[in-house]
Amino acid sequence: SVRRHEDDATSVACWVQEMTEKKAISPVIFYKPQGVSQPEDCDNMGINDFMICLQTPLQATLMKQFGHKKILCMDSTHGTNSYDFQLVTIVVVDEYGEGYPVAW
């Protein structure tokens, strides 16, 4: 099961911990749970803000290959979950003109 705990915030924290233990293959590149102060290298995040950034090693490679000095698109949606969190998808355009998501 994907769900690690009946409380969603705890479930996400458990999943992030599991992924972080995978080190180089972890898709978690940034995580800030609600109720925690922002890291020192971040600006404008409130204590109640939540952010998780996900990118697989393959997506990182494709972002460098097709996003460097080329087209990089962002799509943001809201109202798709019970928490009203926004979902931002970063997409690059490959050599065939197809969009490929490289981070969330």
Side-chain angles (χ1 to χ4, degrees):
S1 171
V2 176
R3 195 163 197 182
R4 305 298 193 259
H5 192 276
E6 63 183 42
D7 174 68
D8 288 340
T10 303
S11 183
V12 169
C14 290
W15 181 83
V16 166
Q17 180 62 39
E18 287 175 32
M19 293 300 106
T20 303
E21 290 170 4
K22 295 182 180 212
K23 306 216 186 296
I25 62 168
S26 172
V28 179
I29 58 175
F30 181 83
Y31 174 61
K32 187 222 163 282
Q34 288 180 300
V36 174
S37 297
Q38 69 184 5
E40 290 182 21
D41 57 346
C42 291
D43 287 337
N44 301 321
M45 291 185 75
I47 195 148
N48 290 320
D49 290 338
F50 167 79
M51 183 183 289
I52 185 168
C53 301
L54 305 173
Q55 183 179 61
T56 67
L58 173 60
Q59 289 173 314
T61 299
L62 293 173
M63 187 171 180
K64 290 173 189 168
Q65 181 180 352
F66 296 113
H68 182 70
K69 296 185 181 180
K70 296 181 183 172
I71 298 172
L72 187 69
C73 306
M74 291 179 66
D75 178 50
S76 179
T77 60
H78 64 282
T80 60
N81 56 70
S82 61
Y83 299 103
D84 201 31
F85 291 154
Q86 292 187 21
L87 171 64
V88 177
T89 305
I90 300 174
V91 177
V92 295
V93 178
D94 68 14
E95 70 268 30
Y96 303 107
E98 299 292 325
Y100 192 92
V102 293
W104 292 273

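Everything numeric here is computed off the predicted structure, so don't read it as measured data. Position 1 is the first residue of the sequence, and the numbers go up from there.
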Do you know which two heavy atoms are closest between [X] and [Y], and how far apart they sit?
| X | Y | result |
| --- | --- | --- |
| Pro57 | Ala24 | CG-O, 3.7 Å |
| Leu62 | Val92 | O-CG2, 4.1 Å |
| Gln59 | Leu54 | OE1-O, 4.4 Å |
| Cys14 | Arg4 | CB-CB, 3.7 Å |

Please tabulate, for side-chain N and O atoms in residues 93-104, each donor-acceptor pair with protein atoms closer than 3.5 Å (sequence neighbours left out).
unit_1	atom_1	unit_2	atom_2	d
Asp94	OD1	Tyr96	N	2.8
Asp94	OD1	Gly97	N	3.1
Asp94	OD1	Glu98	N	2.9

(message) Treating Thr20 as the side-chain partner and Val16 as the backbone partner, does any N or O pair qualify as donor plus acceptor under 3.5 Å?
(response) yes
(message) Keeping Thr10 on the side-chain end and Glu6 on the backbone end, is there a donor-acceptor pair under 3.5 Å?
(response) no
(message) Taking salt bridge (charged side-chain N to carboxylate O under 4.0 Å, His left out) as the definition, give me every residue that meets it alongside Asp8, ordered by chain and number, with sequence neighbours left out.
(response) Arg3
(message) Rounded to the nearest 0.5 Å, what separates atom CE in Met63 from atom OG1 in Thr56?
(response) 12.0 Å
(message) For the CG atom of Leu87 and the OG1 atom of Thr77, what is their distance to the nearest 0.5 Å?
(response) 4.5 Å
(message) Are Leu58 and Ile90 connected into the same hydrophobic cluster when the rule is that any two of I, L, V, M, F, W, Y join if their side-chain heavy atoms are below 4.5 Å apart?
(response) yes
(message) Same cluster or not: Met74 versus Leu72, using hydrophobic residues (I, L, V, M, F, W, Y) connected whenever any side-chain heavy atoms lie under 4.5 Å apart?
(response) yes
(request) Determine the interplanar angle of the Tyr31 and Phe50 rings, folded into 0 to 90°, and report it as parallel if under 30°, tilted if 30 to 60°, perpendicular if over 60°. (result) perpendicular
(request) Report the C-alpha separation of Trp15 and Ile52 in whole Å, then their side-chain angles, then the decisive distance to 0.1 Å, and conclude whether the side chain to side chain contact (heavy atoms under 4.5 Å, CB included) test is met. (result) CA-CA 11 Å; Trp15 181 83; Ile52 185 168; 4.1 Å; yes
(request) Count the heavy atoms belonging to other residues, nucleotides or ligands that lie under 6.0 Å from CD of Glu21, then report whether that count exceeds 12. (result) yes
(message) Measuring only between side-chain heavy atoms, which start at C-beta, is Val28 closer than 4.5 Å to Lys22?
(response) no
Which pairs of donor and acceptor atoms, one on a side chain in residues 38-49, lie under 3.5 Å apart (sequence neighbours left out)?
unit_1	atom_1	unit_2	atom_2	d
Gln38	OE1	Met45	N	2.7
Gln38	NE2	Cys42	O	3.2
Asp49	OD2	Gly46	N	2.6

